[in-house]
Amino acid sequence: MSKFEWQRAIIKVGSALIAPDGSQCSGRYLLPIARFITASREQGKEVIIVSSGSVAAGRSRVKINHQPSIAEKQAMAAIGQTKMMANWSRFFDFPCAQLLLTYSDLHSRTRYVNIKNTLRELLNNQALPIINENDTVAVNELKVGDNDNLGAYTALIAQADTLIICSDVDGLFDADPRLNPNAQLIKQVDNIDESIFALAGGSSSKVGTGGMQTKLQAAQKCSNSGIQTLIVNGQKGEVFDQLMDGEVAGTLFKAVASRDNARGQWLKHTLKNTGKVSIDSGAKAAILNKGASLLPSGILDISGDFKSGDAVQIEYNGHALAKGLTIYSSSDLEQIKGLRSSKIEETLGYSFGEAIVHRDDMVLL
Ligand code: GLU
């Protein structure tokens with residue numbers, strides 16, 4: 001078994017553990033997880049739960065005799081969410097705190113900072129944050145869609161070092177264990193590449209929305225940001241005794257990068273580019289080799305319609321080099337591109353400073 005160490009973890013608990021029969025909440029699998037959380041906190045470690053199960057928990061309370069519509073599923077989620085929270089609360093004598101998030105919350109700079117600050121206060125006050133997607137307001141393109149990826153985003157926001165995905169499978173196998181009796185559990189993955197994704201089929205759980213694919217996506221997001229990911233079988237109580245001993249009873253995905261600063265992670269993974277800025281070789285060298293900010297003099301061309309504070313891609317010769325928050329809008333940049341910084345005020349009639357993208361707001365790709 002691989003060994004692991006951690007200090008702050010996101011524990012993602014899937015619907016198959018919260019509502020194993022797919023229609024109501026059950027405490028059956030939660031006791032060992034809750035004991036692990038309580039014991040870990042007593043050792044000074046910090047835990048945030050990302051819990052699925054609201055739709056499954058509310059399913060029996062919405063009358064349907066067909067495949068549920070989106071609105072019916074949202075009604076199930078609204079009913080089931082309180083049941084799911086109540087189900088967790090009974091295992092702890094410290095407060096559980098509910099956070100319901102959507103994809104757009106993770107993409108808004110102010111909301112992102114609010115989420116981060118709230119999580120920090122909750123942890124400072126010994127509460128246990130329990131996060132789920134806000135299923136009632138988010139549909140399709142507004143959704144993260146699955147809680148594996150939501151777990152990864154949460155790990156990034158909370159600057160956790162570990163994501164533990166508790167599922168109903170033992171981990172990642174080298175073949176489908178339901179079809180191939182000789183399938184072997186992969187104990188450790190050092191690099192999540194195409195060959196690893198090829199091992200994952202579609203969604204296997206009848207209850208949740210994720211599958212091995214979304215778990216690997218989550219592991220990859222985390223790994224690239226310096227966060228290790230574990231996939232363990234949350235239906236097996238002994239798994240959590242092993243985790244207490246620092247042993248991964250499942251698959252460990254090692255972190256490949258060191259942990260970026262929180263701003264860099266947010267920039268890289270959650271913020272969508274609204275435009276492109278192409279730069280000359282001098283600016284490229286300054287950004288890559290000197291850790292410099294982007295100045296107007298190095299800008300050759302811009303595309304897209306963006307405002308101050310939006311994320312833009314910085315390109316050289318059509319290749320993406322970096323991503324960052326622009327201080328000037330696209331219409332400002334049209335006027336000041338190629339100019340010395342000292343000409344900004346004269347040209348625009350105002351200046352927000354000499355940099356177009358400050359180094360602190362830039363992440364190299
Ligand atoms: N947010 C969904 C729910 O609470 C779960 C999504 C998932 O299982 O990945 O039912």
Side-chain angles (χ1 to χ4, degrees), residues 10-30 33 48-62 64 67-89 96-106 115 128-157 163-169 200-222 229-235:
I10 309 303
I11 301 186
K12 185 264 171 177
V13 184
S15 297
L17 305 180
I18 303 283
D21 63 7
S23 67
Q24 57 190 327
C25 273
S26 155
R28 198 190 321 163
Y29 296 122
L30 302 194
I33 304 178
I48 295 169
I49 295 180
V50 170
S51 180
S52 305
S54 69
V55 174
R59 192 172 293 270
S60 64
R61 309 308 299 250
V62 176
I64 47 162
Q67 276 291 93
S69 66
I70 290 173
E72 284 165 339
K73 272 199 191 162
Q74 289 174 316
M76 291 171 188
I79 295 170
Q81 178 65 26
T82 60
K83 294 180 180 295
M84 184 264 273
M85 285 301 294
N87 198 26
W88 277 117
S89 298
C96 291
Q98 169 177 279
L99 287 86
L100 296 175
L101 306 178
T102 64
Y103 195 60
S104 42
D105 297 327
L106 305 169
I115 297 164
L128 175 63
I130 302 181
I131 299 179
N132 194 5
E133 183 137 30
N134 194 349
D135 290 308
T136 29
V137 301
V139 286
N140 300 333
E141 64 275 14
L142 297 178
K143 289 193 90 165
V144 176
D146 65 86
N147 277 3
D148 297 321
N149 279 294
L150 183 63
Y153 288 128
T154 305
L156 295 175
I157 295 185
L163 169 65
I164 303 175
I165 298 179
C166 302
S167 180
D168 56 354
V169 291
S203 175
S204 64
S205 167
K206 284 186 287 305
V207 186
T209 48
M212 197 46 80
Q213 285 285 350
T214 56
K215 290 176 180 45
L216 294 180
Q217 289 164 4
Q220 190 176 46
K221 278 191 190 78
C222 286
T229 301
L230 282 61
I231 299 178
V232 299
N233 193 333
Q235 292 185 337

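Counting starts at 1 for both ligands and their atoms, in listed order. Along the sequence shown, residues are numbered consecutively beginning with 1.
In summary, the atoms of ligand 1 found under 4.0 Å from a heavy atom of Ser15, numbered by their order in the structure, are 8 (O). Counting the atoms of ligand 1 from 1 in the order shown, those under 4.0 Å from a heavy atom of Asp146 are 9 (O). Atoms of ligand 1 lying under 4.0 Å from at least one heavy atom of Asp135, given by number and element, are 1 (N), 2 (C), 3 (C), 4 (O).
Here the shortest heavy-atom distance to atom 9 (O) of ligand 1, taken over Ile131, Asp148, Ile18, Asn147, belongs to Asn147. With distances taken over non-hydrogen atoms, the option nearest atom 8 (O) of ligand 1 out of Ser52, Ser51, Ala16 is Ser52.
A donor-acceptor distance shorter than 3.5 angstrom exists from the side chain of Gln213 to the backbone of Ala200, with no hydrogens or angles considered. Using a distance-only test at 3.5 Å, with no hydrogens or angles considered, a donor-acceptor pair links the side chain of Glu133 to the main chain of Gly145. Checked by atom type and distance alone, the side chain of Asp135 never pairs as donor or acceptor with a backbone atom of Ala78 at under 3.5 Å.
For ligand 1, the polar-atom distance check against Val55 finds a nitrogen or oxygen pair separated by under 3.5 Å. Not a single N or O atom of Gly145, backbone or side chain, sits closer than 3.5 Å to an N or O atom of ligand 1.
Taking each heavy atom of Ala16 and Asp168 in turn, the nearest pair found is CB-OD2, 3.5 Å. Listed here is the closest heavy atom pair of Asn149 and Ala218: OD1-N, 3.7 Å.
Within the 4.0 Å heavy-atom criterion, neither part of Thr214 lies near ligand 1. Contacts of Ser54 with ligand 1, taken as heavy-atom pairs under 4.0 Å, involve both backbone and side chain.
The side-chain contact (heavy atoms from CB on, under 4.5 Å) test with Leu100 singles out one residue from Asp105, Ile131, Asn134, and that residue is Asn134. A side-chain contact (heavy atoms from CB on, under 4.5 Å) with Ile49 is found for one member of Ile33, Ile130, Leu99 and no other, namely Ile130.
Contact annotation: Gly53 has at least one heavy atom less than 4.0 Å from an atom of ligand 1.
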